[in-house]
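Below: one structure, written as structure tokens.
Reckoned from all heavy atoms, side chains included, excluding hydrogens, waters and symmetry mates. Start at 1 and go down the list; that is how both ligands and their atoms are numbered.
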Amino acid sequence: MYENSRLIIDSSNVPEPHSVTWRSPSNIAIIKYWGKYGVQLPKNPSLSLTLASSCTDMRLEYSFNENNPEGKIDLEFLFHQEENEAFRSKMLDYLNSLLPIYPFLKQLSLKIQSGNSFPHSAGIASSASSMSALALCLCSMEDNLFGTLKDPDAFDQKASYLARLASGSACRSIYPYAAVWGETTHVQDSSNEYAIGFADQLHSTFKDFHDDILIVSRSEKAVSSRAGHALMEGNPYAEPRYTQAKNRLTTLIGAMKTGDLETFGKIAEDEAMTLHALMMTSNPSFTLLRPDTLAIIEKLRQYRTETKNPVYFTLDAGPNVHLLYPGNIVHEVRAFIEEQLAEHCEDQYVQQDWVGEGPEEI
Ligand code: DP6
């Protein structure tokens, strides 16, 4: 929808070198995106909470590059102040794929400096925060150069669209508190091409809400999300799964509007288990859960039975457990984590996070 663009810098009106900086958070999906088609389009709609403490800071410097005879994108990339060729080459592939949208990228010299608020290889996926930060930087650069994204809604929509092309889940990080990505008749203006904000429909319970991430393993996962999505192609449960996700989303939206924590928690946990069941029923099958993941889940269930506290879990495509609970029980839950759950985490590491206000330009 933004392709075939004519955004080209007029060489008689060359811009001054400039920079933009964004801080963008990660997000945690309650209804999971697992399975895609076409160019990064989801097989089912998903809904996520936007996090606050797990984020990426990214600075993009750009200047007009007069001598670029080969017409290649000129990119320097530093991660935590150090060159990182693997990340640079990924980013370069992505920027090249954006040329139909941003043909002017070839006219610039770009320098990106990026860093995460959470320890490197903490087992926390950084693609949502880093790719949303990059998309936001690109939109700010576009607006500075051409004045084409003055309208805040148009800005967010384009940032979400660009983020999706880099990593599907990243398109949901653009919005405060919560976002929906993927067409559903229950959310007006929802789209497969970009996410939209869901904050204005959210009960206040979910605006003061925690997600403590229990890091069972810091290791890189054996099967990437990209490969996992692709394996949905031959999965015999794929079609019923997409229907199930749509139905669960309808129920979840109702619960998140009214503040019904029990229904929210049931769906969050069912979605986590379904995601991993889909991995186990792929061909070839794979398992990302670890014994400690299951031990945490068992202890949590027991804790809930004993205390009646509304603490629920969800899982990403990995062994780490996200504990979801409202702000009014934070002290009790943190004590429970310390006393009973931290022992199941690598180096006892827990990333404390909560629902936040979304990205900010800094
Ligand atoms: C399990 O967004 O990482 O976290 O689009 O291939 O980059 P790509 O996949 P990615 O998949 C996320 C999968 C998930 C569920 C979710 O966040 O919805």
Side-chain angles (χ1 to χ4, degrees), residues 24-51 54 56 87 90-91 93-94 97-98 123-135 160-175 178-184 190 192-196 198 211 213 220-233 235 238 241-242 244-246 248-249 252 267-282 286-289 293 313-322 324 353 355:
S24 191
S26 185
N27 69 78
I28 179 70
I30 307 302
I31 302 291
K32 310 289 182 184
Y33 145 60
W34 198 244
K36 55 179 155 178
Y37 70 97
V39 183
Q40 290 285 99
L41 296 165
K43 284 280 204 175
N44 65 264
S46 55
L47 183 151
S48 60
L49 296 172
T50 304
L51 298 180
S54 310
T56 297
F87 284 2
K90 250 190 188 170
M91 234 162 230
D93 287 349
Y94 170 63
S97 78
L98 292 187
I124 298 176
S126 61
S127 68
S129 57
S130 59
M131 290 306 156
S132 55
L134 176 58
S160 182
Y161 181 97
L162 297 179
R164 183 202 102 224
L165 294 176
S167 180
S169 53
C171 77
R172 297 182 309 234
S173 280
I174 303 297
Y175 300 95
V180 171
W181 169 38
E183 275 162 26
T184 161
S190 55
N192 282 352
E193 307 209 50
Y194 47 84
I196 58 171
F198 190 67
D211 174 10
I213 312 168
E220 209 162 295
K221 45 193 185 193
V223 180
S224 69
S225 286
R226 189 150 294 207
H229 285 290
L231 285 171
M232 283 298 278
E233 286 299 324
N235 189 311
R241 155 63 192 162
Y242 302 137
Q244 175 190 60
K246 285 174 199 149
R248 281 181 177 162
L249 179 62
L252 181 71
I267 292 179
E269 296 190 350
D270 288 349
E271 275 292 285
M273 289 310 208
T274 302
L275 172 69
H276 286 266
L278 290 167
M279 297 175 191
M280 292 182 213
T281 51
S282 292
F286 62 106
T287 332
L288 299 180
L289 301 177
T293 313
F313 73 84
T314 189
L315 304 162
D316 242 336
N320 304 328
V321 183
H322 292 243
L324 304 165
D353 214 332
V355 169

Among protein heavy atoms, which sits nearest to atom 17 (O) of ligand 1, and what does the distance come to when rounded to 0.1 Å?
R172 NH2, 2.8 Å
Mark up the atoms of ligand 1 that fall under 4.0 Å of a heavy atom belonging to L275, in ascending order.
1 (C)
Using a 3.5 Å distance criterion without hydrogens, assess whether the side chain of S46 forms a donor-acceptor pair with backbone atoms of K32.
no
Students should be able to answer this: which protein heavy-atom is nearest to atom 15 (C) of ligand 1, and at what distance?
Y33 O, 3.4 Å
Would you check the N or O atoms of S169, main chain and side chain alike, for any that come under 3.5 Å of an N or O of ligand 1?
yes
At a 4.0 Å threshold, what atoms of ligand 1 neighbour a non-hydrogen atom of A29?
16 (C), 17 (O), 18 (O)
With respect to K32, determine whether any N or O atom, backbone or side chain, lies less than 3.5 Å from an N or O atom of ligand 1.
no
Which residue and atom name correspond to the protein heavy atom nearest atom 6 (O) of ligand 1, and how close is it?
K36 NZ, 2.7 Å
Enter the distance from Y94:OH to S167:OG here, rounded to the nearest 0.5 Å.
10.0 Å
Among all protein non-hydrogen atoms, which one is nearest to atom 9 (O) of ligand 1, and what is the separation to 0.1 Å?
H229 NE2, 3.1 Å
Give me the nearest non-hydrogen protein atom to atom 4 (O) of ligand 1 as residue plus atom name, then the distance to 0.1 Å.
D316 OD1, 2.9 Å
Ligand 1 versus I28: contacting region, heavy-atom distance under 4.0 Å
neither
Do any N or O atoms from the side chain of S48 and from the backbone of I28 form a donor-acceptor pair under 3.5 angstrom?
no
Does ligand 1 have an atom that lies less than 4.0 angstrom from a heavy atom of R164?
no
Can a donor-acceptor pair be found, under 3.5 Å and without considering hydrogens, that links the side chain of W181 to the backbone of P45?
no
Within this structure, what is the CG-OG1 distance for the pair D270 and T314, rounded to the nearest 0.5 Å?
10.5 Å
Passes side chain to side chain contact (heavy atoms under 4.5 Å, CB included), N44 versus R241? Steps please.
CA-CA 9 Å; N44 65 264; R241 155 63 192 162; 4.2 Å; yes
Can a donor-acceptor pair be found between the side chains of N27 and T50 at a distance below 3.5 Å?
no
Is it the side chain (CB and beyond), the backbone, both or neither of S167 that lies under 4.0 Å from ligand 1, heavy atoms counted?
both
Between E233 and K43, is the closest basic N to carboxylate O distance under 4.0 Å?
no
Out of all atoms in ligand 1, which are within 4.0 Å of some heavy atom of G168? Include the element for each.
2 (O), 5 (O), 7 (O), 8 (P)
Counting both backbone and side chain atoms, is some N or O of Q40 under 3.5 Å from an N or O of ligand 1?
yes
Take M91 and M131, measure what side chain to side chain contact (heavy atoms under 4.5 Å, CB included) needs, and give me the verdict at the end.
CA-CA 9 Å; M91 234 162 230; M131 290 306 156; 4.0 Å; yes
